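These notes concern the structure reproduced below.
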Amino acid sequence: MTLRLFNTLSGQLDEVLPADGVALRMYACGPTVYDYGHIGNFRTFLQVDMLRRALRLFGVPVRHVMNITDVDDKIIRNAAASGVSIADYTPRFEQAFLDDLKSLGVEMPEVLSRATEHIPQMVRLVERLAEAGAAYMAEDGNWYFRLKAFPEYGKLSKKDLEGISDGARVDVDEYERDSARDFALWKATKPGETGWETAIGRGRPGWHLECSAMAMEYLGESFDLHAGGEDLMFPHHENEIAQSESATGKLFARHWFHVRFLLVNGRKMSKSEGNFFTLRDLLLKGYKASAIRLALISVPYRHQLNFTFDGLVEATSAIDRLRTFATRLRAANLETGATVAGSAAASRAHEEFLAALANDLNTAEARAAIFELVREGNIALDAGLLRAEDRDAMLRALATFDSVFAVLTDNDAAPTRAAIEWASENGKLDQVAPELLAAQSLTDAEIDARIEERNLARRQRNFRRADQIRDELAALGILIEDGRDGVRWKHK
RNA sequence: GGCGCGGUACCCAAGUGGUAAGGGAGAGGUCUGCAAAACCUUUAUGCGUCGGUUCGAUCCCGACCCGCGCCUCCA
């Protein structure tokens, strides 16, 4: 099966295959490390993660490059406000970002590239553009891209060059430029300001330049797929295309993958709306990393996702259902052999799952295919009809599901613990949900001791005492479940 | 103003020119000292409104209403 994805450039579903027949070369615009990542950022990175996992599932090796923008206006502003250089300011946020990706189960790209480590490549690109007559230095020392040099400008975002100024705010006072729409490649800086001494003058890169230079550095002048949030389509990606193709004369990226913005409580996320959340905010409120991951990937990437706390609760329950089923399957004592119904259910789930992903990464439909399997498997288990080979086939279907969704294995404790530690180190303990904090205060051994005490009370049929202990633990966020084969507990 | 997306049950959310996936929540049931958990069953004559095309439309076309996004730093 081949993955077909919507391509912003062609405006249709295109098959995603490596042009060189070896590995799919993809570039994804990464974060600007000036602050902690928010869930909007992570929806995009998570969907790119789904894409690379799906490609691998379809047998396509991936060479994935992600940039880290570690120099830009906001970084310079924030670093200055903190009284440190940008080199001292950004590592903390870069590490936080990478930690957050790990918490969410996002795989690391094959290459991480920092803008500040590729200044020579960027300078060379400006020089090439200047030679081609597509770049010029203005009186202010800034280098600009000459839009008139690239007639195809607007082909990605389907914008008419003439229409761009309509209603858009264009700084008409920038008289140094040939055209108000020419964009900055390189910004001149004065000594003392953040900058590099280079052949094209002292300065720092414009935002768009870094992606072109680094994509070409690691993937070549022409590569398979370029990904990013929908907001980057214009002007960022349009500018990348203009710069790159003007310099090389080659098609920059064949396929453009854009992830739609999410909404939070029905509105665009913004600090002023009060609906702005970082991953850490959510972990500290007690939501599990796996639930956040599932909530952010369950709506297909081209659809607007409305992110809510209710959605996180739902995702939590959905994951419990999946994990319980997997556990139940593994623990079941089954006769050897297979049944027609059991095998059919497993293979159909498997096929429907793959078909859904192949169809423009329809994660909602893919998820549904697996939940149908859960229901059918549970019914067969209840009826005692499932055989060992059916079970194995179902476990394989679940494994396939999880190779892309990655929510089945419970790795939730570590991110939560790390978030609490982080809050503690940064004076934010007041933001931690009380139950979460209370639960952390008890060691597992202490919990086990309390449960043993309760078991004793139960054996003596002292149910008042037993219920009292259960309530006390519940107040600390520990849920007790009496099962046939012993007592289990879990964090709420 | 230009470009684009969406309106499907209590909530989230797929989908198809032939009669509505899945998840959550609610209700009922099994199990249990009780509870929880788990499991099963169940919940839209209906897919924003009004027209049109068609044997037949939620799905196609048109108009309208509503919500949202991009066009400016932004994932």
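Every chain is numbered from 1, with letters handed out A, B, ... down the list of sequences. Just so you know, these numbers use all the heavy atoms, side chains as well, and skip hydrogens, waters and symmetry mates. Note that the structure is predicted; figures quoted are calculated from it, not measured.
As rounded to the nearest Å, B:rU8 and B:rG46 have C1' atoms that lie 9 Å from one another. Remark: the separation of the C1' atoms in B:rU41 and B:rA57 is 32 Å, to the nearest Å. Rounded to whole Å, the P atom of B:rG28 lies 12 Å from the corresponding atom of B:rA36. Spacing between B:rC61 and B:rA14 at atom C1', rounded to whole Å, works out to 24 Å. Here, B:rG48 and B:rC12 have their P atoms 14 Å apart, quoted to the whole Å.
Taking the six-membered ring for Trp and thresholds of 30 and 60 degrees, A:H226 and A:H237 have ring planes more than 60 degrees apart, a perpendicular arrangement. Ring planes of A:H258 and A:W256: parallel class, angle under 30° (limits at 30 and 60°). The aromatic rings of A:F405 and A:F401 lie parallel to each other, with less than 30° between the two planes, well short of the 60° mark. A:F183 and A:F145 have parallel rings, their planes meeting at less than 30° on a 0 to 90° scale where 60° marks the start of perpendicular.
Atom CZ of A:R77 is separated from atom P of B:rC74 by 12 Å (rounded to the nearest Å). Rounding to whole angstrom units, CG of residue A:N359 and C1' of B:rU16 are separated by 13 Å. A:Q304 places its CD atom 5 Å from the C1' atom of B:rC68, with the value rounded to the nearest Å. The interatomic distance linking A:N67 (CG) with B:rA75 (C1') rounds to 12 Å, in whole Å. The interatomic distance linking A:F405 (CZ) with B:rG23 (C1') rounds to 12 Å, in whole Å.
Here A:V299 lies in heavy-atom contact (under 4.0 Å) with sugar-phosphate atoms only. In this structure, A:R454 reaches the bases: a heavy-atom distance under 4.0 Å links it to at least one base atom across the strands shown. Among the heavy atoms of the strands, none lies under 4.0 Å from A:D73. Contact annotation for A:K268: base contact, defined as any heavy-atom pair under 4.0 Å involving a base atom. Base contact: A:A364 has a heavy atom under 4.0 Å from a base atom. A:L479 comes within contact range of no nucleotide atom at all, as no heavy-atom separation falls under 4.0 Å. If you check every strand for non-hydrogen atoms under 4.0 Å, A:I39 touches nothing.
Residue side chain A:F371 fails the stacking definition with respect to B:rG22, as its ring centre and the base's six-membered ring centre are not both under 5.5 angstrom apart and under 30 degrees in plane angle. A distance cut-off of 5.5 Å between ring centres, combined with a plane angle under 30°, places A:F261 in a stacking arrangement with the base of B:rA75.
Phosphate proximity of B:rA25 to A:S317: present, with a side-chain N or O under 4.0 Å from OP1 or OP2. Applying the 4.0 Å criterion to OP1 and OP2 of B:rG69, one finds that A:R260 has every side-chain N and O outside that range. Within the structure, a side-chain polar atom (N or O) of A:R321 is placed less than 4.0 Å from OP1 or OP2 of B:rG23. Applying the 4.0 Å criterion to OP1 and OP2 of B:rA38, one finds that A:N378 has every side-chain N and O outside that range. Contact annotation: A:R470 does not reach the phosphate of B:rA35 (side-chain N/O to OP1 or OP2, under 4.0 Å). The side chain of A:W207 places an N or O atom within less than 4.0 Å of a non-bridging phosphate oxygen (OP1 or OP2) of B:rC74. At least one side-chain nitrogen or oxygen of A:H303 sits closer than 4.0 Å to the OP1 or OP2 atom of B:rA14.
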With a cut-off of 3.5 Å and sequence neighbours excluded, list every side-chain donor-acceptor pair involving residues 261-268 of chain A.
none

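Residues A:Y301 and A:F257 place their aromatic rings such that the two centres sit under 6.0 Å apart.
A:K158 contributes no side-chain N or O that forms a donor-acceptor pair with the base of B:rC70 under 3.5 Å.
In RNA chain B, the stems built from three or more successive Watson-Crick or G-U pairs (distances below 3.5 Å) are B:1-7 with B:65-71, B:10-12 with B:22-24, B:25-30 with B:38-43, B:48-52 with B:60-64.
Nearer the 5' end of RNA chain B, as judged by each residue's closest nucleotide, is the contact made by A:S157, out of A:S157 and A:A369.
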